[in-house]
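Values reported hereafter were calculated over all heavy atoms of this structure, with side chains retained and with hydrogens, waters and symmetry mates removed.
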Amino acid sequence: MAATPATTLLKAQKIVFDLLEYAHDPRAEAYGLEAAEKLGLDPASVFKTLVVADGAKAHALALVPVARKLGLPLVARALGWKRADMADKADAQRLTGYVLGGISPFGTRKRLPVAVDEALLLPARVHVSGGRRGLEIRIAPADLVATLAAVVAPIAVD
C-alpha cells in the first residue's frame with residue numbers, strides 16, 4: 001500500500017494506528033458513510049474531516065461523525081472565531097493537499113487548527129480518512145486529539 005502524508009506523519013511520530021482499505025465507488029457522494037458501510041463500521045466511530053473558514057483568512061479542520069452535520073456557529077465558538085463557513089472546495093484541497101472525500105486531519109500541507117466533536121471521545125477507536133478515498137485510519141481518540149492538538153467541543157448537530 002502506498003504511503004500518504006497522513007500515514008507518514010503517524011509513523012514518524014510513532015503513533016499506533018491501523019489502516020483499513022476498501023474499494024471506493026466513484027458514484028458515492030457521502031464518503032464517510034460509504035467507508036462505514038463498506039468496512040462494516042459503526043457510523044458513530046467514523047469521522048469526516050471538513051475544512052472551515054472564518055470569513056477572512058483563517059482556516060481550520062472540523063471533525064464530526066459521518067451521520068451528523070457540522071454546526072457552523074458551534075465550531076466558530078470552539079475555535080474562538082466570530083463566524084465560520086465551509087471553506088471553498090479549491091481552498092480545502094490546496095490547504096490540505098488532499099482531494100475531497102480523502103481529506104485526512106493528519107499530514108495536511110498547511111498545519112491548521114483542529115476542532116473535534118466531543119463524540120470522538122466515546123468509542124475505543126475512531127476512524128478518519130487516511131489521505132485518499134478508500135483508505136481509513138483507525139486510531140485511539142486520545143492519540144488523535146494529542147497529535148493534532150485538537151480542541152474538543154460539541155460541534156455536531158443532527
Side-chain angles (χ1 to χ4, degrees), residues 3-13 15-17 19 28-36 41 43-123 125-158:
T4 66
T7 61
T8 300
L9 173 90
L10 291 171
K11 285 178 185 171
Q13 294 193 13
I15 305 297
V16 175
F17 69 98
L19 284 177
E29 293 179 16
Y31 302 112
L33 288 172
E34 177 196 25
L41 303 172
S45 76
V46 182
F47 285 73
K48 55 189 168 187
T49 304
L50 305 169
V51 182
V52 294
D54 73 347
K57 293 182 179 177
H59 289 84
L61 301 178
L63 278 67
V64 295
V66 296
R68 300 186 72 198
K69 292 181 166 74
L70 175 63
L72 290 169
L74 298 173
V75 75
R77 187 175 313 122
L79 293 166
W81 295 352
K82 290 184 180 171
R83 59 174 287 170
D85 297 300
M86 293 303 299
D88 175 78
K89 291 177 182 181
D91 286 343
Q93 293 183 131
R94 178 180 50 78
L95 292 166
T96 64
Y98 296 119
V99 298
L100 296 179
I103 295 177
S104 178
F106 301 108
T108 53
R109 182 174 288 148
K110 179 177 186 322
R111 178 81 188 220
L112 299 169
V114 180
V116 301
D117 186 69
E118 62 190 358
L120 182 121
L121 300 178
L122 299 175
R125 297 277 183 267
V126 293
H127 305 86
V128 296
S129 176
R132 65 174 169 79
R133 296 173 188 157
L135 186 67
E136 290 289 304
I137 290 172
R138 176 186 292 145
I139 189 168
D143 288 342
L144 182 145
V145 171
T147 302
L148 298 172
V151 173
V152 179
I155 62 171
V157 295
D158 292 317

task: Looking only at non-hydrogen atoms, find the nearest pair between Ala150 and Val116 and report the distance.
output: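 Shortest heavy-atom separation between Ala150 and Val116 comes out as CB-CG1, 4.0 Å.
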
Inset, instruction - Please name the pair of heavy atoms, one in Phe106 and one in Ile137, separated by the smallest distance, quoted to 0.1 Å. - result: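 Looking at all heavy atoms of both residues, the shortest contact is CD1-CD1, 4.2 Å.
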
With distance as the sole test, does [X] use its side chain to make a donor-acceptor pair with the main-chain N or O of [Y] at under 3.5 Å?
X: Tyr98; Y: Ala92; value: no
X: Ser104; Y: Gly130; value: no
X: Thr7; Y: Ala3; value: no

Taking it one step at a time, do Leu100 and Arg133 satisfy side chain to side chain contact (heavy atoms under 4.5 Å, CB included)? CA-CA 8 Å; Leu100 296 179; Arg133 296 173 188 157; 4.3 Å; yes

Just to verify, what does Tyr31 make a ring pair (Phe, Tyr, Trp, His ring centres under 6.0 Å) with, not counting sequence neighbours?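 Counting only residues at least two positions away or on another chain, Tyr31 forms a ring pair (Phe, Tyr, Trp, His ring centres under 6.0 Å) with His24.
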
State, with a plain yes or no, whether a side-chain heavy atom of [X] is found less than 4.5 Å away from one of [Y].
X: Val16; Y: Ile139; answer: no
X: Gln13; Y: Thr147; answer: yes
X: Val52; Y: His59; answer: no
X: Pro141; Y: Leu120; answer: yes
X: Pro5; Y: Thr108; answer: no

Inset, instruction - Identify, with sequence neighbours excluded, every residue that meets salt bridge (charged side-chain N to carboxylate O under 4.0 Å, His left out) alongside Arg125. - result: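 Partners of Arg125 by the salt bridge (charged side-chain N to carboxylate O under 4.0 Å, His left out) criterion come out as none, since no residue qualifies.
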
I'd like to check the salt bridge (charged side-chain N to carboxylate O under 4.0 Å, His left out) partners of Asp85; sequence neighbours left out, ordered by chain and number.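 Expected list: Arg83.
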
List, one per line, each side-chain donor-acceptor pair under 3.5 Å for residues 61-73, sequence neighbours excluded.
residue, atom, partner, partner atom, Å
Arg68, NE, Asp158, OD1, 2.8
Arg68, NH2, Ala156, O, 3.3

Applying salt bridge (Lys or Arg N to Asp or Glu O under 4.0 Å) as the test, list every pair that has at least one member in residues 96-111; sequence neighbours left out.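 Qualifying pairs, neighbours excluded: none.
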
Exercise. Could you name each residue pair satisfying salt bridge (Lys or Arg N to Asp or Glu O under 4.0 Å) that touches residues 89-103, not counting sequence neighbours?
Key: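 Residue pairs passing salt bridge (Lys or Arg N to Asp or Glu O under 4.0 Å), neighbours aside: Asp91-Arg94.
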
Please report the C-alpha distance between Leu19 and Leu135 in whole Å, then the side-chain angles of each, then the deciding distance to 0.1 Å, and finally whether the side chain to side chain contact (heavy atoms under 4.5 Å, CB included) criterion is met.
CA-CA 7 Å; Leu19 284 177; Leu135 186 67; 4.0 Å; yes

